[in-house]
Participant: 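I have a structure I would like to understand better, so I am pasting it below and will then ask my questions one at a time.
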Number of protein chains: 2
Amino acid sequence: MTNIHDIARLSGYSVSTVSRVLNNSGYLSDTARNKIQKIIEEQDYVPNDVARDLSRGKTYNVGIVLPHTKHPYFTHLIKGIMETAFAKGYHVVLLPSLYNADIENQYLEQLRRKSYDALIFTSRGIPLKRLLKYQKYGSIICCENPGDYQIAAAYSLRSKTFTEAFSYVKNQGYHEIGILLSRPRESSTTSSLTLASYEAVYGATPKIINTSVTTYQDGYNAMAGFQKNEKKPDFIFANGDDVAAGARQYYLDNELSVPAMMGQENQLSGNILNIPTIDHHFHEVGRKAMELAISGEIKMIPINSELIKR
Amino acid sequence: MTNIHDIARLSGYSVSTVSRVLNNSGYLSDTARNKIQKIIEEQDYVPNDVARDLSRGKTYNVGIVLPHTKHPYFTHLIKGIMETAFAKGYHVVLLPSLYNADIENQYLEQLRRKSYDALIFTSRGIPLKRLLKYQKYGSIICCENPGDYQIAAAYSLRSKTFTEAFSYVKNQGYHEIGILLSRPRESSTTSSLTLASYEAVYGATPKIINTSVTTYQDGYNAMAGFQKNEKKPDFIFANGDDVAAGARQYYLDNELSVPAMMGQENQLSGNILNIPTIDHHFHEVGRKAMELAISGEIKMIPINSELIKR
DNA sequence: GTAATATATGAAACGGGTACCACATCAAGT
DNA sequence: ACTTGATGTGGTACCCGTTTCATATATTAC
């Protein structure tokens, strides 16, 4: 494998000058450029990116920590992330966490070990506080409101829209709301925001609730659970349109009347089935998160979310 | 930033011995291990992954070249890829190509420059032949039948199922088939396989066809185009369930009777709308492709695809 | 008792670039 | 004529590990 030293030797110039040709930087005569270029082509030489990364102390890799690809917002978020990354010459490395704290910590360690220039936590299991300690090793971005923590963040302003949504539901006369969430209130910002909004509007904690729902099938199964309860829901508030679609299917399959519903993420299923939804604009969140990752700024970028009535 | 040399100096041992502690390899006394471990902890030292990669000549990164995240098979494929990668400690780097040959070539060059250990082409714009030249720089896997080329491949056996599907459609009495593809026959294996199967069953080239369809919206728009034709389709053969759903919506919106349809990829939309589909088992293709990437074997792994009648 | 082998450690080359600094020219400015 | 600044190039430290080879001591085997 030929390296920059070989090119230097063969061309009769120094490695510094060869490096200048490669990077098109600094003072350089046309003579030198041409001669070196010729040798480079003859030898079919290309510089080694890893060596370059080591020397520059920068990898142009950004790690994206995500629980799993089944997560409702995955598609939108990743699209936004990739658009910005691609435009700026950065690489997107997908890091599945399964919401496992050990795994998330491993990724933080990898940041420290210089595997990535930055990490974007699209969701997380470990406490925000823990992220703080790793900021000195590279920028860390979270996709939620970090509150008082000085952590870069791009996130959807969900509370307001959740409240708007529940008010809308209440005004329509629904009072037995079945709520579907992906994780328990204690461990998920999303869940606690949702429930806080519910409580603000309804003035009580929800009775009909399931906190381990992510997919269509989960939504379906959750309805089976609700049917065993004494209280049956007259409205389903789901954490994704796909989930809502699964819930709906349960009622259809069991020849029960389908309650009104609302989904989230503006997924295709909601569009097809005409289920109202909340679009958290995760595509935009993804773009902004990646911009923060690249710039290294520690600031908060809230993004409006939107209730789509149908 | 402390490095291995600092640890060596502070502990009174050589870098070789420190390296042995880090990698838990070779002969090593307990005394040395303990002393060095202590210094490592005191200094809060972690080795630099980039330096390690350079030294070892391996990155544990696998690049995934994909046209864009809107592609119907994206979700399934990426899930399979990530599962295997995660299990084996590899990193998945997403590389959007937009089917642009220049961009695809850039990724091949990056393989040569050691940015990745392997590349998986989930789809491609450049000719297969071009991939051959880069195999010496790392394993290259394609997700289609490479024919006579000696290229590692994990791919769905689509022809048989396409033929089965068209026969099924024909037996049901449909003769004016509107075909939706993502790319023209000349530049896409998928398209040419689809059309070859159609022709084998119907004995003629299709008249109603659109070759730039990828999304729900594209499907919708394509129907508007078909409606302008003299020949109206009595069956829509779409390249994805989401696309079929878009097509269906066009008819609904325009109060036309919805023709029978078939989708592909076994997407949620097809399930919801009860549209028959072809499941190409891309999840499995993803797993196998990543296994090939890691093992470096140059072999073909065909995977059965499946017609799902509904 | 001595050769053979296992154990422990270090020196230094190697992987392959980048970038700072020194040095040498040469032309323009005063 | 002399200073100054632009231009061109080289030397070399630096980024940070891994790994081979040599050396030294401790066991074990015969």
Side-chain angles (χ1 to χ4, degrees), chain A residues 1-40 43-61 109-117 137-138, chain B residues 1-40 43-61 109-117 137-138:
Chain A
M1 191 68 77
T2 81
N3 60 32
I4 196 173
H5 297 277
D6 296 329
I7 302 299
R9 190 168 31 76
L10 292 170
S11 66
Y13 284 88
S14 70
V15 287
S16 320
T17 305
V18 176
S19 180
R20 280 183 206 109
V21 173
L22 294 174
N23 296 292
N24 202 27
S25 66
Y27 293 117
L28 186 61
S29 69
D30 287 346
T31 324
R33 190 195 316 279
N34 293 148
K35 275 191 186 160
I36 292 172
Q37 204 78 58
K38 186 154 162 280
I39 302 290
I40 286 177
Q43 298 294 315
D44 202 22
Y45 163 78
V46 282
N48 180 313
D49 277 343
V50 182
R52 187 175 271 190
D53 287 350
L54 173 62
S55 190
R56 291 211 247 243
K58 193 170 161 105
T59 65
Y60 289 92
N61 286 337
E109 281 297 315
Q110 287 173 3
L111 176 70
R112 201 173 148 206
R113 288 155 162 263
K114 305 289 173 195
S115 274
Y116 322 110
D117 291 351
Y137 305 114
Chain B
M1 191 67 78
T2 83
N3 60 32
I4 196 171
H5 297 277
D6 297 329
I7 302 299
R9 191 168 30 77
L10 292 169
S11 67
Y13 285 88
S14 69
V15 288
S16 323
T17 307
V18 176
S19 179
R20 280 183 204 107
V21 173
L22 294 174
N23 297 292
N24 202 28
S25 66
Y27 292 119
L28 185 61
S29 69
D30 286 347
T31 324
R33 191 196 316 279
N34 292 147
K35 276 192 186 162
I36 291 172
Q37 203 76 61
K38 185 155 163 281
I39 302 291
I40 286 177
Q43 297 294 315
D44 202 24
Y45 164 77
V46 281
N48 180 312
D49 277 344
V50 182
R52 187 174 270 190
D53 286 351
L54 172 61
S55 192
R56 291 212 244 246
K58 193 169 158 99
T59 65
Y60 289 92
N61 286 337
E109 281 297 315
Q110 288 174 2
L111 176 69
R112 202 173 146 205
R113 287 154 162 262
K114 304 290 174 196
S115 273
Y116 322 110
D117 292 350
Y137 304 114

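The figures here come from the full heavy-atom set of this structure, side chains too, leaving out hydrogens, waters and symmetry mates. Treat the numbers as computed from the prediction; the structure is a model and nothing was measured. In what follows, chains are A, B, ... by sequence order, proteins preceding strands, each numbered from 1.
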Participant: Might you work through the side-chain contact (heavy atoms from CB on, under 4.5 Å) test for K114(A) and L54(A), ending with a clear yes or no?
Facilitator: CA-CA 9 Å; K114(A) 305 289 173 195; L54(A) 173 62; over 6 Å; no
Participant: State, yes or no, whether a side-chain contact exists between I39(B) and I36(B) at a heavy-atom distance under 4.5 Å.
Facilitator: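 They are not in side-chain contact.
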Participant: Whole angstroms only, please: what is the CD1-P distance between I4(A) and dG15(C)?
Facilitator: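 The answer, rounded to whole Å, is 14 Å.
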Participant: Can you measure Y45(A) atom OH to dG16(C) atom C1' for me and round it to whole angstrom units?
Facilitator: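 To the nearest whole Å, that distance equals 7 Å.
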Participant: State, to 0.1 Å, how close A51(B) and N48(B) come at their nearest heavy-atom pair, and which atoms those are.
Facilitator: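 Distance-wise, the nearest heavy atoms are N-OD1, 3.0 Å.
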Participant: Whole Å only: how far is the NZ atom of K114(B) from the P atom of dG16(C)?
Facilitator: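 My rounded result for the distance is 8 Å.
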Participant: Could you check if a side-chain atom of N61(B) sits within less than 4.5 angstrom of a side-chain atom of D53(B), using non-hydrogen atoms only?
Facilitator: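 SC-SC contact between N61(B) and D53(B) ruled out.
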Participant: Is there a side-chain contact between L22(B) and I4(B), using heavy atoms and a 4.5 Å cut-off?
Facilitator: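 Yes - at least one pair of side-chain heavy atoms lies under 4.5 Å apart.
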Participant: Would you kindly give the CG-to-C1' distance between D49(B) and dG15(C), to the nearest whole Å?
Facilitator: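 In whole Å, dG15(C) C1' and D49(B) CG are 16 Å from each other.
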Participant: Measure from CG on L54(B) to C1' on dA13(C) and round the result to the nearest Å.
Facilitator: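 Result: 14 Å.
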Participant: Measure from NE2 on H5(B) to P on dA11(C) and round the result to the nearest Å.
Facilitator: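 Between P of dA11(C) and NE2 of H5(B): 12 Å.
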Participant: Go through DNA chain D in 5' to 3' direction and return only the first and the last nucleotide with some atom under 4.0 Å of chain A's heavy atoms.
Facilitator: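 The footprint of chain A covers dA6(D) to dC16(D).
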Participant: What residue among Q110(A), R112(A), R113(A) forms side-chain hydrogen bond (donor to acceptor under 3.5 Å, both in side chains) with D49(B)?
Facilitator: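 The option that passes is R113(A).
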Participant: Would a 4.5 Å heavy-atom cut-off, applied to side chains only, mark T2(A) and R9(A) as touching?
Facilitator: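 When only atoms from C-beta onward are counted, R9(A) and T2(A) do not touch, as no gap falls below 4.5 Å.
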Participant: CD1 of I40(A) versus C1' of dG17(C): gap in Å, rounded?
Facilitator: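 Atom-to-atom, I40(A) to dG17(C), this comes out as 13 Å.
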Participant: Indicate yes or no: at least one non-hydrogen side-chain atom of L10(A) is less than 4.5 angstrom from one of Q43(A).
Facilitator: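 A side-chain contact under 4.5 Å exists here.
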Participant: Where along residues 8-37 of chain A does a heavy atom fall under 4.0 Å from DNA chain D?
Facilitator: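 Only G12(A), Y13(A), S14(A), V15(A), S16(A), T17(A), R20(A), Y27(A), L28(A), S29(A), A32(A) qualify.
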